[in-house]
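Below is one structure, written out as structure tokens; the observations come after it.
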Amino acid sequence: MYGKMQPYLARELESIRVAGLYKNERIIVTPQGVDIRLDSGKEVLNFCANNYLGLSSHPAIVKAAHESLDSRGFGMSSVRFICGTQDIHKELEARIAQFFDTEDTILYAACFDANGGVFEPLLAEEDAIISDSLNHASIIDGVRLCKAVRYRYANADMADLEARLKEAQKHRFRLVVTDAVFSMDGNVAPMDQICQLAEKYDAMVMIDECHSAGVVGATGRGVTELFNVRGRVDIITGTLGKALGGGIGGFITGRKEIIQILRQRSRPYLFSNSIPPSVAGAGIAAFDLLEASTELHDNLVENTGYFMTGMQQLGFDIKPSQSAIVAVMLYDASLSQQFAERLLQEGIYVVGFYYPVVPKEQARIRVQLSAAHTRAHLDRALAAFAKIGRDLKVIK
Ligand SMILES: *Cc1c(COP(=O)(O)O)cnc(C)c1O
């Protein structure tokens with residue numbers, strides 16, 4: 001049978017290449033960080049990792065992973081409910097609930113699994129999910145796995161959300177779901193207004209804090225902190241794979257009965273392996289760091305502000321951002337690729353995004369800041385942007 005499929009796949013791959021959409025993976029031969037080396041031998045500054053707090057290879061995180069490896073072993077060889085729960089898994093769940101000021105937490109192998117497994121156990125045919133049009137792929141997939149009726153509202157558009165909430169009044173339960181930070185623009189969901197509308201139209205609220213936990217809010221506790229809506233959000237999902245260590249692992253934190261039902265019925269939790277002890281131990285260490293001091297978060301906020309101001313002064317067109325994501329608008333797809341390639345030659349690693357990842361004629365370079373970037377790193381990036389921007393006639 002594969003004889004028939006092979007030429008079909010070869011043609012598909014060719015058409016991806018011809019469209020210029022083939023994803024090549026760049027190979028890093030050092031630990032993940034702001035200063036990395038590629039297999040070509042080239043040393044570059046990394047401005048495209050989700051390593052917002054610089055924890056990916058932080059000594060305290062690596063040490064905690066080693067210690068948990070030594071004290072609790074390598075793998076769990078089990079799902080949680082059979083024999084995959086150690087004391088440190090429970091401790092990590094409690095620490096996440098403490099950080100977000102919620103009642104209880106459930107761990108998953110990844111936030112993709114958390115979002116994939118959250119809807120189906122809670123909602124049925126007679127219910128409604130009201131979802132932002134720019135929500136992450138994992139939310140879209142999770143909604144597909146659930147029988148509830150789906151409503152979509154335009155990105156962060158509160159008039160549209162209100163219209164959908166009115167339409168959805170006929171349902172038994174309503175759940176509004178949104179990303180906290182939209183990863184291609186860096187804008188945040190207006191959680192104060194979302195909570196107000198949800199209360200007015202009797203809906204529950206779920207947010208995905210993947211790009212905002214550790215990043216957004218006065219102490220990095222996410223958009224619930226930024227908008228002071230703690231306690232008004234029913235479900236928060238998040239990842240340990242971005243700011244909170246950058247390893248792997250996802251979670252859902254929120255109302256206790258919701259978490260309890262997920263432990264009984266959420267399929268990616270019930271039928272997939274427990275996270276390894278080293279990941280749980282490193283996760284606890286990440287919360288230790290964040291709770292001991294706001295230094296890392298303060299550095300991140302300062303770095304983001306410095307870079308954005310510098311880019312604006314150079315005359316670049318920057319999307320307004322309330323996160324550590326800075327979208328440098330170039331509009332033209334091939335220009336975005338050329339610009340990113342030239343930046344790499346200058347030792348600055350960023351990625352240019354274009355349709356279909358972003359809307360047509362909205363191509364851009366996405367820059368992600370880190371607490372681990374130094375002022376010298378930021379100045380090097382700004383100088384490279386200035387030089388190439390002038391060469392390519394993007395700025396004067
Ligand atoms: C990264 C991301 C995810 C997936 O997280 P993983 O833990 O890597 O699976 C889910 N939602 C959003 C909004 C994300 O940015």
Side-chain angles (χ1 to χ4, degrees), residues 23 25 32 48-53 55-56 61 89 92-93 96 99-100 105-119 129 131-145 152 155-156 175-189 191 194 205-217 220 222-224 226 233 235-254 262 266-269 272-276 279-280 282-283 286-287 321-327 351 353 357-358 366-370:
K23 294 177 189 67
E25 295 171 8
Q32 182 64 281
C48 57
N50 302 314
N51 184 20
Y52 296 119
L53 296 176
L55 299 187
S56 309
I61 301 293
H89 293 81
L92 176 57
E93 288 176 340
I96 293 170
F99 187 76
F100 289 98
T105 303
I106 176 172
L107 294 172
Y108 286 80
C111 190
F112 207 103
D113 291 316
N115 287 336
V118 67
F119 301 103
I129 299 171
S131 178
D132 188 289
S133 63
L134 289 189
N135 277 346
H136 191 262
S138 55
I139 293 178
I140 295 168
D141 283 10
V143 171
R144 279 190 192 140
L145 292 170
R152 217 166 84 124
N155 177 230
L175 175 67
V176 178
V177 54
T178 181
D179 279 13
V181 168
F182 297 94
S183 65
M184 285 297 146
D185 289 10
N187 61 316
V188 298
M191 288 315 299
I194 290 175
V205 177
M206 166 176 156
I207 54 172
D208 177 335
E209 296 262 30
C210 277
H211 280 286
S212 49
V215 176
V216 174
V223 293
T224 58
L226 179 69
V233 169
I235 302 168
I236 298 174
T237 65
T239 183
L240 301 175
K242 291 185 172 116
L244 305 173
I248 194 153
F251 57 83
I252 302 175
T253 190
L262 293 175
S266 181
R267 293 164 68 83
Y269 181 80
S272 187
N273 208 25
S274 186
I275 60 167
V279 169
F287 289 102
S321 173
Q322 283 176 284
S323 63
I325 291 168
V326 179
V351 177
F353 291 99
V357 179
V358 295
R366 180 176 74 172
V367 178
Q368 292 175 282
L369 283 306
S370 171

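In listed order, ligands and their atoms are each counted from 1.
- Side chains of F119 and V177 form a contact here, defined as non-hydrogen atoms less than 4.5 Å apart.
- Sorted by chain and number, the residues within 4.0 Å of ligand 1 by heavy atom are A110, C111, F112, N115, H136, S138, D179, D208, C210, H211, T239, K242.
- Among pairs with a residue in residues 133-142, those fulfilling salt bridge (charged side-chain N to carboxylate O under 4.0 Å, His left out) read D141-R144, at least two apart in sequence or across chains.
- Among residue pairs with one or both ends in residues 238-254, those qualifying as side chain to side chain donor-acceptor pair (under 3.5 Å) are T102-T253, T105-T253; sequence neighbours excluded.
- Between R366 and S183 the shortest side-chain heavy-atom distance falls below 4.5 Å.
- Using a 4.5 Å heavy-atom threshold, the side chains of Q368 and V215 count as separate.
- Remark: T224 pairs with I207, E209, V229, R230, V233, I236 by the side chain to side chain contact (heavy atoms under 4.5 Å, CB included) rule, at least two apart or across chains.
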